[in-house]
Amino acid sequence: MPSIRLPDGSIRRYDRPVTAAEVARDIGPGLAKAALGAKVDGELSDLARPLERDCALAIVTARKREGGADPDGLFLIRHSTAHVMAEAISRLFPHARLVYGPPLETGFYYDISVEGGRPISSDDFPAIEAEMARIIAEDRAFTRYEMPAAQGMEKLRAEGSKFKLDNAERAREAGSASLSWYATGVPGTDWEDLCRGPHVPSTGRIGAFKLMSLASSYWKGDESLDRLTRVYGTAFATKEELAAHLTQLDEAKKRDHRVLGRQLRLFHVDEMVGQGLILWTPNGSIVRQELQNFISEELRKQGYTQVFTPHIGKLDLYRTSGHFPYYRESQYPPIVEHEQMAALAKEGCSCADLANRLEKGEVDGYLLKPMNCPHHIRIFASQPHSYRDMPVRLSEFGTVYRWEQSGEIGGMTRVRGFTQDDAHLFCREDQVAQELLGCLSLVKLIFGTLGMHDYRVRVGLRDPDSAKYVGDPRNWDKAEDACRTAARTLGVPFSEEPGEAAFYGPKIDFVVKDVIGRSWQLGTVQVDYNLPERFDLSYIGADNQAHRPVMIHRAPFGSMERFIGCLIEHFAGAFPLWLAPEQARVLPISEKSAEYARGLHAALAGAGLRASIDESNDRIQAKIKSASEMKIPYLAVVGPRDAESRRVSVRAFGIEANLGEVGLDEFVDRLVREHRTRGAETLRGTLGR
RNA sequence: GCCACCGUAGCUCAGUGGUAGAGCACACCCUUGGUAAGGGUGAGGUCGUGGGUUCAAGCCCCAUCGGUGGCUCCA
């Protein structure tokens, strides 16, 4: 007879099996009414599932005790909404075959095959939503029933959906002895779906929902299999929460770096130039230059040297490095010289022949560089090295080109040409650990200075079942160990992910999310025992013998393009003074103060600050508004009063008030100091805000 | 690359087959105003591009380029 422990520690004993719904009723009518599901020994379950043995039980509602939405409650609501949507679509699109419909962090989706019938379009959303509203209004119970796996498979075979058969097959492989269905209403009469559950008690418990978007997907994520239509939606316990979520999405859209990039004129992508090729406009170039100055200073402190290398190199270079053979599909095609081309044409060489001969190395050409390492390696190899010189640290803001799939390109985060803040460290094996730490501390310093604390760390290891990796497995083991050890010293939680390594070595990546919730890899540190071997690199050791160096590839920003894309969103376009394209704007109240304002502007410019002056005949309110739209950190409002006392009235971005007056010279000095300290000392801070 | 949707003024968008619209931005004039939009006038578009249907196409059809959301991919 079950004795049931509740979250507050109290125990309820029953002399017969009960359901969670009954326990909730015993606790109180309010809870019974609010209950959506149950957590039995930590596992989410239906409210109606019988509890036969002793267990720990928590009743799941839409709301946590301490306030806010309960993730388990949302899970139940969203999973159930997915079912209701599937039923609605099945009614409206009789040819639709359901595949798989899970809840997500912010909603749910359902993958549906509409092969051989009318496709679903977003124009159909109102009709689908209306049908869903009807199903919800009918308030039908989600009714679970089970049957033994063999019998269940029989039933599915009779129904003839390969998708559901496959789902069932996988459930069996995962060890289920039975299969379960959920009917919305009466099994056998009402609509049903093969499903593990759990669900809310009835359709009426779905508070508020909305269909969001339409996308396509592949069955099991395999592009050679069926193409499916994926309908995304979201659901909440109340209309208010749904509205708040939609507002939040709207706000996020305003922080989107593509929107802000246009508004603040930071960058431009031009149809005529090419997809995924970023044009850095003057404002964006300032941000980039400031970041590059910042990192260059740190590199000098850490003993790096700087190099410049060209954007192309011979194909043979990339055959040796392995880039050309391993990543041919993701590179711009090779460049072949005029005379070679003419000779080949004379021979009647076809495009297919050319590709073939380039691959075999019978024809040489040049490649737009996909990575900087081969060039840096040849710099290292251009001179003999002693163990005393090691490590050699070569850095370059190196621009590379990769042929990304057209559908994947967008904004600054996924592009075809980008500049890495790259460096290659050639070191002795006994120096690897120390150098890795140096790289990681640099990454931490950069992220810390910019206030980016919301990132995760991934240690990418090789996939033991894949053949795409080059080099000796023993070297891989050593390198993977070095990465693990270094990551541990970071003091940040990290995950180890097999299959995420580069083809030449394991890596430590820094991953951040954009406003839409997509993850992007930024900084990366990679240990490489393989390229030194492929290029036969060596240094002379204390024993007067040649030794093989180890390479570390590292780029703390990753690429300037992607990093700044993420940085725009991080600051919502409101850059700190040292990064801001326009740092201060002088706003004269009227023409009467124009001369004083020009003097102030000249003083700011003379001190090396990026300042402008608004001499339009707008009123001060309008001047403030247009300056605010450009998110300028400081506004200096000057009128006759200020001119007389040689002071300025200061306004800082994001604070809708006059921060007070400071003397002209002090204002200039403060801003200079704020710039020089990269925001460690701010004027707004000293003005008490 | 695949699927869906979108492409109209510098920007944001309206315009369902019959002579291209609004707001903001821009130019000029009036206004000289102390902390998030003072008023007026004006200029600005071969409706992404190329074909087709039609008496007539921004609107319908096809192709193509580009964008967005996903999928797949990402050294």
Side-chain angles (χ1 to χ4, degrees), chain A residues 109 111 114 119-124 212-232 253 256 258-259 262-263 265 269-276 318 321-324 326-331 369-374 400 402-411 413-416 420 460 468-470 500-505 507 516 518 520-521 524 526 528 531 553 555 562 587-594 616-629 635-642 649-651 653 655-659 661:
Chain A
Y109 69 78
D111 275 347
V114 285
I120 300 172
S121 113
S122 49
D123 294 342
D124 297 314
M212 301 300 289
S213 66
L214 213 54
S216 89
S217 63
Y218 302 109
W219 190 28
K220 301 182 192 179
D222 182 337
E223 61 185 318
S224 67
L225 298 179
D226 302 56
R227 204 173 2 265
L228 308 172
T229 300
R230 177 171 292 184
V231 186
Y232 281 88
K253 220 180 274 174
D256 190 315
R258 292 164 299 192
V259 174
R262 204 177 7 252
Q263 197 182 316
R265 297 197 289 273
V269 181
D270 194 280
E271 213 178 301
M272 219 169 180
V273 174
Q275 258 192 313
Y318 300 103
S321 70
H323 292 104
F324 182 60
Y326 281 91
Y327 290 98
R328 203 162 343 111
E329 297 306 311
S330 15
Q331 288 158 356
K369 67 177 171 186
M371 288 187 95
N372 300 305
C373 31
V400 298
R402 298 179 187 176
W403 185 261
E404 301 287 357
Q405 296 191 90
S406 64
E408 197 42 74
I409 293 171
T413 43
R414 193 78 183 263
V415 293
R416 283 185 174 160
Q420 297 177 311
K468 81 168 187 178
Y469 306 99
V470 296
E500 289 293 323
F503 77 91
Y504 49 73
K507 54 182 188 162
I516 313 181
R518 292 180 293 203
W520 299 103
Q521 179 199 310
T524 182
Q526 311 174 350
D528 178 7
L531 287 181
H553 309 236
R562 179 177 289 179
L587 310 182
I589 297 285
S590 74
E591 268 171 30
K592 287 181 197 140
S593 318
S616 70
N617 57 4
D618 285 330
R619 294 173 57 191
I620 193 66
Q621 288 86 338
K623 290 182 184 182
I624 287 171
K625 180 169 196 299
S626 48
S628 301
E629 276 169 355
L635 305 182
V637 176
V638 291
R641 284 205 309 262
D642 306 283
S649 300
V650 181
R651 206 178 149 115
F653 180 80
I655 301 172
E656 294 187 18
N658 184 351
L659 283 185
E661 289 93 52

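As a basis for the values below, the full set of heavy atoms in this structure was taken, side chains included, without hydrogen atoms, waters or symmetry mates. Reminder, nothing fancy here: chain letters follow the sequence lines and each chain counts from 1.
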Subject >> Euclidean distance, A:Ile624 CD1 relative to A:Glu656 CD, rounded to 0.5 Å >> reply: 10.0 Å
Original post:
How would you label the contact of A:Leu531 with the nucleic acid (heavy atoms, under 4.0 Å): base, sugar-phosphate, or nothing?
Top reply: nothing
Original post:
When the C1' atoms of B:A36 and B:G10 are considered, how many whole Å apart are they?
Top reply: 23 Å
**OP:** Determine the interatomic distance between P on B:U49 and the same-named atom on B:C11; round to the nearest Å.
**Re:** 15 Å
Original post:
Does OP1 or OP2 of B:U68 have a side-chain N or O of A:Arg518 closer than 4.0 Å?
Top reply: no
Original post:
Quantified in whole Å, what is the P atom distance between nucleotide B:C3 and nucleotide B:C62?
Top reply: 14 Å
Original post:
Of all residues at least two apart in sequence or in a different chain, which pass the salt bridge (Lys or Arg N to Asp or Glu O under 4.0 Å) check with A:Arg402?
Top reply: none
**OP:** Using modelled atom types only, decide if a donor and an acceptor are shared between the side chain of A:Lys592 and the backbone of A:Pro640 within a distance under 3.5 Å.
**Re:** no
**OP:** Report which part of the nucleic acid A:Arg651 touches: base, sugar-phosphate, or nothing (heavy-atom distance under 4.0 Å, all strands).
**Re:** base
Original post:
What's the verdict on side chain to side chain contact (heavy atoms under 4.5 Å, CB included) for A:Tyr318 and A:Gln331, showing C-alpha distance, side-chain angles and the deciding distance?
Top reply: CA-CA 11 Å; A:Tyr318 300 103; A:Gln331 288 158 356; 5.7 Å; no
Original post:
If you find the nucleotide of RNA chain B closest to A:Arg402 and the one closest to A:Asp222, which residue's nucleotide is nearer the 5' end?
Top reply: A:Asp222
Original post:
Considering only heavy atoms from C-beta outward, does the side chain of A:Trp520 approach that of A:Arg414 to under 4.5 Å?
Top reply: yes
Original post:
Taking only residues two or more places apart in sequence or in another chain, which ones pass salt bridge (Lys or Arg N to Asp or Glu O under 4.0 Å) with A:Arg328?
Top reply: A:Glu359
Original post:
Got a donor-acceptor pair under 3.5 Å from the side chain of A:Ser330 to the base of B:A75?
Top reply: yes
Subject >> Distance between C1' atoms of B:G67 and B:U8 (Å, rounded) >> reply: 15 Å
**OP:** In whole angstrom, give the distance that lies between atom CD1 of A:Ile624 and atom P of B:G38.
**Re:** 11 Å
Close N/O contacts between protein and nucleotides 59-64 of chain B (under 3.5 Å):
none

**OP:** Provide, to the nearest angstrom, the distance between the NZ atom belonging to A:Lys253 and the C1' atom belonging to B:U68.
**Re:** 10 Å
Original post:
Toward the 5' end of RNA chain B, which comes first, A:Gly410 or A:Ser217, by nearest nucleotide?
Top reply: A:Gly410
**OP:** Classify every nucleotide of nucleotides 24-34 of chain B by which part a protein heavy atom approaches to under 4.0 Å, writing B for the base, S for the sugar-phosphate alone and - for neither, in 5'-to-3' order.
**Re:** ------BBBBB
**OP:** Would you kindly give the CD-to-P distance between A:Glu404 and B:C71, to the nearest whole Å?
**Re:** 16 Å
Original post:
Looking at OH of A:Tyr218 and CG of A:Asp226, how far apart are the two atoms once the value is rounded to the nearest 0.5 Å?
Top reply: 12.0 Å
Original post:
B:A56 and B:G17: how far apart are their C1' atoms, nearest whole angstrom?
Top reply: 7 Å
Original post:
Can you tell me how far OG of A:Ser216 sits from CZ of A:Arg230, rounded to the nearest 0.5 angstrom?
Top reply: 8.5 Å
Original post:
Which atoms form the tightest heavy-atom contact between A:Asp111 and A:Ser217, and what is the distance?
Top reply: OD1-OG, 3.2 Å
Original post:
Rounded to whole angstroms, how far apart are CD1 on A:Ile516 and C1' on B:G69?
Top reply: 8 Å
Original post:
Checking all strands, does A:Tyr326 fall into the base, sugar-phosphate, or nothing category for heavy-atom contacts under 4.0 angstrom?
Top reply: nothing
Original post:
Expressed as a whole number of Å, how far does the C1' atom of B:A25 sit from that of B:C61?
Top reply: 37 Å
Original post:
Quick one: A:Gln521 CD to B:C74 P, roughly how many Å, whole number?
Top reply: 12 Å
**OP:** Round to the nearest Å and state the distance from A:Arg328 atom CZ to B:A75 atom P.
**Re:** 17 Å
Original post:
A:Gly460 near the nucleic acid: base, sugar-phosphate alone, or nothing, with a heavy-atom cut-off under 4.0 Å?
Top reply: nothing
**OP:** Assign A:Tyr232 to base, sugar-phosphate, or nothing according to its heavy-atom contacts below 4.0 angstrom with the strands shown.
**Re:** sugar-phosphate
Original post:
B:G23 and B:C30: how far apart are their C1' atoms, nearest whole angstrom?
Top reply: 23 Å
Original post:
Is A:Arg562 reaching over with its side chain to a backbone N or O of A:Gln521, donor-acceptor style, under 3.5 angstrom?
Top reply: yes
Original post:
Quick one: the side chain of A:Arg414 and the base of B:C73, do they pair up donor-acceptor inside 3.5 Å?
Top reply: yes
**OP:** Nearest whole angstrom, please: distance from the P of B:G10 to the CG of A:Asp270.
**Re:** 14 Å
Subject >> Separation of the P atoms in B:A9 and B:C71, to the nearest angstrom >> reply: 31 Å
Original post:
Donor-acceptor pair, A:Ser593 side chain versus A:Ile589 backbone, under 3.5 Å?
Top reply: no
Original post:
Looking for any heavy atom pair under 4.0 Å, which part of the strands does A:Arg265 touch: base, sugar-phosphate only, or nothing?
Top reply: nothing
Subject >> Cation-pi check, A:Arg416 onto A:Trp403 ring (under 6.0 Å, within 45° of axis) >> reply: yes
Subject >> Closest contact, heavy atoms only, A:Pro370 versus A:Val400 >> reply: O-CB, 3.5 Å
Original post:
Which nucleotide in the set B:G38, B:C5, B:A75 lies at the smallest distance from any side-chain heavy atom of A:His323?
Top reply: B:A75
**OP:** Specify the separation, in whole Å, of atom CD of A:Gln526 and atom P of B:A75.
**Re:** 9 Å
Original post:
Counting only side-chain N and O atoms of A:Arg262, is one of them less than 4.0 Å from OP1 or OP2 of B:G10?
Top reply: no
Original post:
Hey, is A:Asp222 close enough to A:Lys220 for a salt bridge, meaning N to O under 4.0 Å?
Top reply: no
Which atom pairs link the protein and nucleotides 1-3 of chain B when you take only N or O atoms and keep those under 3.5 Å?
| residue | atom | partner | partner atom | Å |
| --- | --- | --- | --- | --- |
| B:G1 | OP2 | A:Ser406 | OG | 2.1 |
| B:G1 | N9 | A:Gln405 | OE1 | 3.4 |
| B:G1 | N7 | A:Gly407 | N | 3.2 |
| B:G1 | N2 | A:Tyr218 | OH | 2.7 |
| B:C2 | O2' | A:Arg227 | NE | 3.2 |
| B:C2 | O2' | A:Arg227 | NH1 | 2.6 |

**OP:** State the OG1-CD distance between A:Thr524 and A:Gln420, to the nearest 0.5 angstrom.
**Re:** 9.0 Å
Subject >> Modelled atom types, side-chain donor and acceptor of A:Tyr504 and A:Gln526, under 3.5 Å >> reply: yes
Original post:
Pairs counted as Watson-Crick or G-U wobble with both distances under 3.5 Å: what dot-bracket string results for RNA chain B, using | for bases tied to another strand?
Top reply: (((((((..((((....[..)))).(((((.......))))).....(((((..]....))))))))))))....
Original post:
If you measure from OG on A:Ser590 to CD1 on A:Ile620, what distance do you get to the nearest 0.5 Å?
Top reply: 9.5 Å
